[in-house]
Amino acid sequence: MPELPEVEVTRLSLSGRIQGARITGARLGKPLRWPLGCDTRNLVGRRISDVSRRGKYLWFELRGPDDAEAGGLLVHLGMSGSLNFAEQPSQPGPWDHFDLLTTRGLLRLTDPRRFGAVVWSASRDEGAAAKLLAGLGVEPFDPAFDARMLHEALRMRRVAVKQALLAGDIVVGVGNIYASEALFRAGIDPRTPGKRVSLARCARLVDAVRDVLQLALAAGGSTLRDFRNAHGMNGAFQHQALVYDREGLPCTRCGAALRRIVQGQRSTYFCAHCQRR
DNA sequence: ATGGGTACCTGTCTGC
DNA sequence: TGCAGACAGGTACCCA
């Protein structure tokens with residue numbers, strides 16, 4: 001699922017309601033991608049002081065009774081995960097694999113495929129969290145993400161620019177939907193080797209990545225199947241996609257049939273007429 | 001350092 | 001109706 005817009009929509013729909021809540025209990029369902037890394041009883045009594053995002057990860061900052069730093073939970077939604085917040089607790093379903101009972105309500109991770117994870121870490125900058133966050137690229141809305149930086153980062157890459165965008169070590173948060181969408185808007189053939197993308201085209205790509213993510217954010221993300229925000233609402237950006245999942249349909253710009261190819265075992269959608277190497 | 005492939009797991013859809 | 005196969009928003013890890 002969830003690329004940056006979906007994760008950020010989750011954070012925004014959650015943070016105001018859960019900030020300050022005290023944890024009164026926790027429940028684990030089936031195993032997720034990694035073990036929690038602490039006894040669930042250790043979480044009880046801690047307070048959620050903040051929810052932040054890095055790439056596609058969410059970080060729930062925890063405080064102890066004396067307001068001292070008390071670690072946190074790093075959450076990833078994987079391919080099919082979503083977080084839901086409900087004031088009234090309910091019985092877990094077969095896909096509900098992590099519950100955090102709080103004084104404000106129930107925070108629940110639903111994840112049919114279980115590629116998601118909830119990992120405890122003593123801090124965001126050390127231990128398990130730091131290890132997972134290490135090597136992530138720059139945030140797409142960080143001013144450091146600019147044409148010169150992208151051009152420099154792509155200079156040594158022979159892989160296709162689509163795969164370089166997806167890798168997450170140059171810029172974070174651009175997943176399979178938004179990589180195709182951004183490349184279409186920038187007019188760049190997704191098969192172009194990274195090192196062949198000119199500085200001028202890097203500038204267009206930076207803008208396109210930001211535009212697409214911003215539009216998706218405003219639409220509440222994309223819901224292909226599983227994604228819901230913390231209030232259970234679908235995203236709507238999938239209806240605004242210009243190329244993703246539109247194989248054979250006419251390009252909105254030139255009318256040519258859109259194509260689907262496979263790059264690194266992932267589908268890529270593009271217009272072979274509008275997007276050039 | 002880069003890049004290719006595999007693995008994790010479950011649900012849904014398509015075609016025979 | 002049944003069943004096999006393809007495919008789905010991600011990413012760590014292993015081996016060239």
Side-chain angles (χ1 to χ4, degrees), chain A residues 1-11 29-35 37 53-58 74-83 93-98 109-119 128-137 140 152-182 191 193-196 209 212-213 215-217 219-229 234-241 243-248 260-269:
Chain A
M1 83 120 283
E3 307 181 33
L4 183 144
E6 291 75 27
V7 178
E8 183 64 9
V9 162
T10 299
R11 190 186 75 78
K30 284 189 180 181
L32 292 164
R33 179 161 191 176
W34 299 295
R53 181 191 57 74
R54 176 75 176 98
K56 300 172 191 169
Y57 288 91
L58 289 171
L74 192 68
V75 176
H76 198 289
L77 300 176
M79 288 279 265
S80 59
S82 61
L83 282 171
W95 301 332
D96 298 331
H97 303 302
F98 182 76
L109 174 67
T110 303
D111 185 1
R113 290 178 74 180
R114 290 191 282 128
F115 286 172
V118 181
V119 176
K131 191 177 174 194
L132 288 167
L133 298 177
L136 292 188
E152 183 62 27
L154 288 174
R155 205 167 56 90
M156 303 301 286
R157 309 256 181 142
R158 274 174 294 180
V159 279
V161 59
K162 155 80 167 5
Q163 288 170 271
L165 271 185
L166 268 188
D169 54 349
I170 299 175
V171 60
V172 293
V174 183
N176 205 40
I177 296 178
Y178 303 120
S180 281
E181 292 298 312
R191 299 165 294 186
K195 52 163 56 172
R196 293 276 178 66
V209 164
V212 153
L213 295 180
L215 284 170
L217 211 41
S222 296
T223 299
L224 300 188
R225 169 165 293 152
D226 302 291
F227 176 69
R228 308 283 184 280
N229 71 16
N234 290 359
F237 182 80
Q238 68 278 9
H239 305 304
Q240 296 175 47
V243 290
Y244 185 82
D245 201 22
R246 297 178 60 81
E247 182 183 15
R260 172 185 176 272
I261 58 173
V262 175
Q263 296 179 286
Q265 282 99 286
R266 314 291 305 276
S267 291
T268 301
Y269 299 87

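Lettering of chains follows the sequences in order, A, B, ..., and the numbering in each one begins at 1.
When every heavy atom of A:Val7 is checked against every heavy atom of A:Pro2, the shortest pair comes out as CG2-CB, 3.9 Å. When all heavy atoms of A:Ala128 and A:Val119 are compared, the closest pair comes out as CB-CG1, 3.6 Å. Annotation for A:Pro140 and A:Val172: closest pair CD-O, 3.3 Å, computed over non-hydrogen atoms.
Here the separation of B:dT6 from C:dA6, taken at their P atoms, is 14 Å to the nearest Å.
For C:dG9, neither phosphate oxygen OP1 nor OP2 lies less than 4.0 angstrom from any side-chain nitrogen or oxygen of A:Tyr269. Contact annotation: A:Ser267 side-chain N/O to C:dA8 OP1/OP2 distance is under 4.0 Å. Residue A:Trp95 places no side-chain N or O under 4.0 Å from the OP1 or OP2 atom of B:dC9. Taking only side-chain nitrogens and oxygens, A:Arg158 never comes nearer than 4.0 Å to OP1 or OP2 of B:dG4. In this structure, A:Lys56 does not reach the C:dG9 phosphate: none of its side-chain N or O atoms is under 4.0 Å from OP1 or OP2. Side-chain N/O atoms of A:Arg266 include one lying less than 4.0 angstrom from OP1 or OP2 on C:dG9. In this model, the phosphate group of C:dT11 is approached by a side-chain N or O of A:His76 to a distance below 4.0 Å at OP1 or OP2.
For A:Phe115 and C:dG10, the ring-to-base geometry satisfies the stacking test (centroid distance below 5.5 Å, interplanar angle below 30°).
Among residues two or more places apart in sequence or in another chain, the side chain to side chain contact (heavy atoms under 4.5 Å, CB included) test is passed with A:Arg158 by A:Lys195.
Rounded to an integer number of Å, the gap from A:Tyr178 OH to C:dG10 P is 10 Å. Distance CE (A:Met156) to P (B:dG3): 10 Å, rounded to an integer number of Å. When the P atom of C:dA8 is taken as reference, atom CD of A:Gln265 falls 11 Å away, rounded to whole Å. At whole-Å resolution of the value, CG in A:Asp169 and P in C:dA12 are 10 Å apart. Taking atom CZ of A:Arg54 as the reference point, atom C1' of C:dT11 lies 15 Å away to the nearest angstrom. Here B:dC8 presents its P atom at 16 Å from CG of A:Asp111, a figure rounded to the nearest Å. Across the protein-nucleic acid pair, A:Glu247 atom CD and C:dC7 atom C1' stand 12 Å apart, rounded to whole Å. Atom pair A:Met79:CE and C:dC7:P shows a separation of 13 Å (rounding to whole Å applied).
Formation of a donor-acceptor pair under 3.5 Å by the A:Glu247 side chain with backbone atoms of A:Tyr269 is not found in this model.
Taking for each of A:Arg33 and A:Arg225 the nucleotide of DNA chain B with the nearest heavy atom, the 5'-most of the two is the partner of A:Arg33. Looking at which nucleotide of DNA chain B each of A:Val159 and A:Arg113 is closest to, the 5′-most match is held by A:Val159.
A heavy-atom distance below 4.5 Å is not found between the side chains of A:Leu165 and A:Ile170. Two residues are said to be in side-chain contact when any heavy atoms from C-beta on lie closer than 4.5 Å; A:Arg33 and A:His76 fail this criterion. Using a 4.5 Å cut-off on side-chain heavy atoms (C-beta onward), A:Phe98 and A:Val75 make no contact. In this structure, A:Tyr178 and A:Leu4 have side chains that are not in contact, with every pair of non-hydrogen atoms separated by 4.5 Å or more.
Side-chain atoms of A:Arg114 stay outside donor-acceptor range of the base of B:dC9, with no qualifying N/O pair under 3.5 Å.
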Between N or O atoms, less than 3.5 Å apart, protein on one side and nucleotides 13-16 of chain C on the other: list the pairs.
none

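Within 4.0 Å (heavy atoms only), A:Phe237 reaches no atom of the nucleic acid at all.
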Which dot-bracket string fits DNA chain B when only Watson-Crick or G-U wobble pairs with both atom distances under 3.5 Å count, crossing pairs get [ ], and | stands for a partner on a different strand? .|||||||.|||||||

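Side-chain contact of A:Ser267 with A:Arg260: a donor-acceptor pair under 3.5 Å is present, judged by distance alone.
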Candidate pair A:Glu3 and A:Leu213, rule side chain to side chain contact (heavy atoms under 4.5 Å, CB included), full reasoning: CA-CA 9 Å; A:Glu3 307 181 33; A:Leu213 295 180; 5.7 Å; no

